[in-house]
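Computed over heavy atoms, backbone and side chain alike; hydrogens, waters and symmetry mates excluded. One is the number of the first residue; the rest follow in order along the sequence.
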Amino acid sequence: MEWAGIPRRSEENLVGFQRGFDEIRVDRAKRYFDIPENQSPTALVLGLHPPAGRDPDALTVEMEGTDGDAIRPCTITVRYSDSDYSCEEIVAAVRRQLDYRLSNQPAEVDEETTADDFDTEVDGVDAVNGASPSPESESEDSDISEGDNDEEEIELGRSVLDQLREKLDDSEWCAANEEALRDMAKPATLIDGQHRVKGAERCERGIPFAVCALVDCAWAEQVYQFTVVNYTAKGIPDQFITANAALSLTRDELGGLQDRLVQAGVKVIEYELMKVVEFDSRSQFYNLVNLSEKK
């Protein structure tokens, strides 16, 4: 939570891509983790921002082995703690990030740049290291519509970024939206698993997580990954889950897991019904229930 942000979409922060904070889901995750045996069933997905769009010293990745190796171990070092930065420093970091995204060319970053130099560089952004192009150059590079009036096409995403960039000059707006800005300024983004992390944060015990981290993950790639993870996710039909429990566990094993299954939201009643309908030879539907993964 100190170095991986959750850029949620809101009326004020249209550039965020995460769904809104759901207190019910967080509380459900917290109660799930309150059971000592329970750990996270799947990995968190993180996007580690490219150095040009963040404080380059905040997060470093050192790869071992050679480029041709199929598997290469690495060491990720994080030198960023959200609590160490003032609101003004956070605004400067977000401004640099937006300038990098709005620029048509990547920002150049000195490998020897330190965290102490970061804010000074942000305030002095120019066309070389990631400034937003001037109105004149932007109009020259803009796409032209195919209509007879030759009007410029509206690029919605860019216009939203421009609006946010302007709001960063409003100190009152920045103070009111400091939490959202802090999430954007962090050197990594939590692409998948926000409710699990927030639920785990509320627990007294330490909870380990497996993490899938995408190195030098640009903003567009983060949005892509979030879209694919959530758009393609499909729940397995209840009857398949029920059959799996019925066929894979003994009665005593299932009984031992029943409380945890109920707490995790699994419909244990489905198993009780299936015992009567599908697995009892006296049932009119004995061995006639479709137990495949298809709905």
Side-chain angles (χ1 to χ4, degrees), residues 1-7 15-18 39-85 89-90 92-122 125 128-131 182-194 196-197 200-201 206-230 232-233:
M1 301 308 301
E2 280 289 299
W3 56 273
I6 308 173
V15 300
F17 58 83
Q18 279 278 11
Q39 309 297 336
S40 179
T42 57
L44 303 176
V45 180
L46 290 181
L48 308 183
H49 299 181
R54 58 165 169 80
D55 175 354
D57 195 46
L59 188 153
T60 58
V61 180
E62 298 177 8
M63 302 295 296
E64 300 177 16
T66 60
D67 292 341
D69 294 341
I71 298 176
R72 297 176 63 189
C74 71
T75 300
I76 299 176
T77 305
V78 179
R79 304 180 185 88
Y80 185 98
S81 178
D82 178 59
S83 56
D84 293 340
Y85 290 82
E89 291 172 320
I90 292 298
V94 174
R95 183 180 289 115
R96 176 185 176 90
Q97 184 185 119
L98 293 178
D99 286 340
Y100 171 66
R101 291 181 59 194
L102 287 167
S103 175
N104 291 327
Q105 55 186 350
E108 294 182 0
V109 177
D110 187 344
E111 293 181 356
E112 297 182 356
T113 300
T114 65
D116 295 332
D117 301 324
F118 180 56
D119 295 325
T120 304
E121 288 189 8
V122 172
V125 167
V128 175
N129 65 10
R182 285 187 175 276
D183 271 339
M184 292 186 64
K186 292 175 182 177
T189 297
L190 186 57
I191 298 173
D192 188 59
Q194 64 157 320
R196 278 177 286 148
V197 169
E201 186 184 26
I207 299 171
F209 280 90
V211 177
C212 175
L214 307 177
V215 180
D216 292 343
C217 187
W219 185 267
E221 182 66 19
Q222 294 175 40
V223 176
Y224 171 79
Q225 293 292 336
F226 174 83
T227 302
V228 171
V229 167
N230 289 277
T232 60

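Note that OG1 of Thr189 and CD of Glu221 are 12.0 Å apart. Values are rounded to the nearest 0.5 Å. With values rounded to the nearest 0.5 angstrom, Asp84 atom CG is found 9.0 Å from Glu89 atom CD. Atom OG1 of Thr77 sits about 8.0 Å away from atom CG of Leu59, to the nearest 0.5 Å. One distance of note links CD1 of Ile71 with CD of Glu64; it measures 13.5 Å at 0.5 Å rounding.
Thr75 and Glu62 are not linked by any side-chain donor-acceptor pair at a separation below 3.5 angstrom, with hydrogens and angles left out of the test.
With a 4.5 Å cut-off on side-chain heavy atoms, Leu214 and Leu48 do not count as touching. You'll find the side chain of Met63 reaches within 4.5 Å of the side chain of Cys74, heavy atoms only.
A donor-acceptor contact shorter than 3.5 Å is absent between the side chain of Lys186 and the backbone of Ile6. Although no hydrogens or angles enter the test, the distance criterion places no donor-acceptor pair under 3.5 Å between the side chain of Gln222 and the main chain of Ile191. Between the side chain of Arg182 and the main chain of Asp82, a donor-acceptor pair closer than 3.5 Å is present. Put simply, the side chain of Arg196 gets close to the backbone of Thr42: a donor and an acceptor are under 3.5 Å apart.
What you find for Ala185 and Ala93 is that their closest heavy atoms are CB-CB, 4.0 Å. The shortest non-hydrogen separation linking Tyr80 to Trp3 is O-CB, 3.8 Å. Nearest approach of Arg72 to Asp67, heavy atoms of both residues: NH1-OD1, 3.0 Å.
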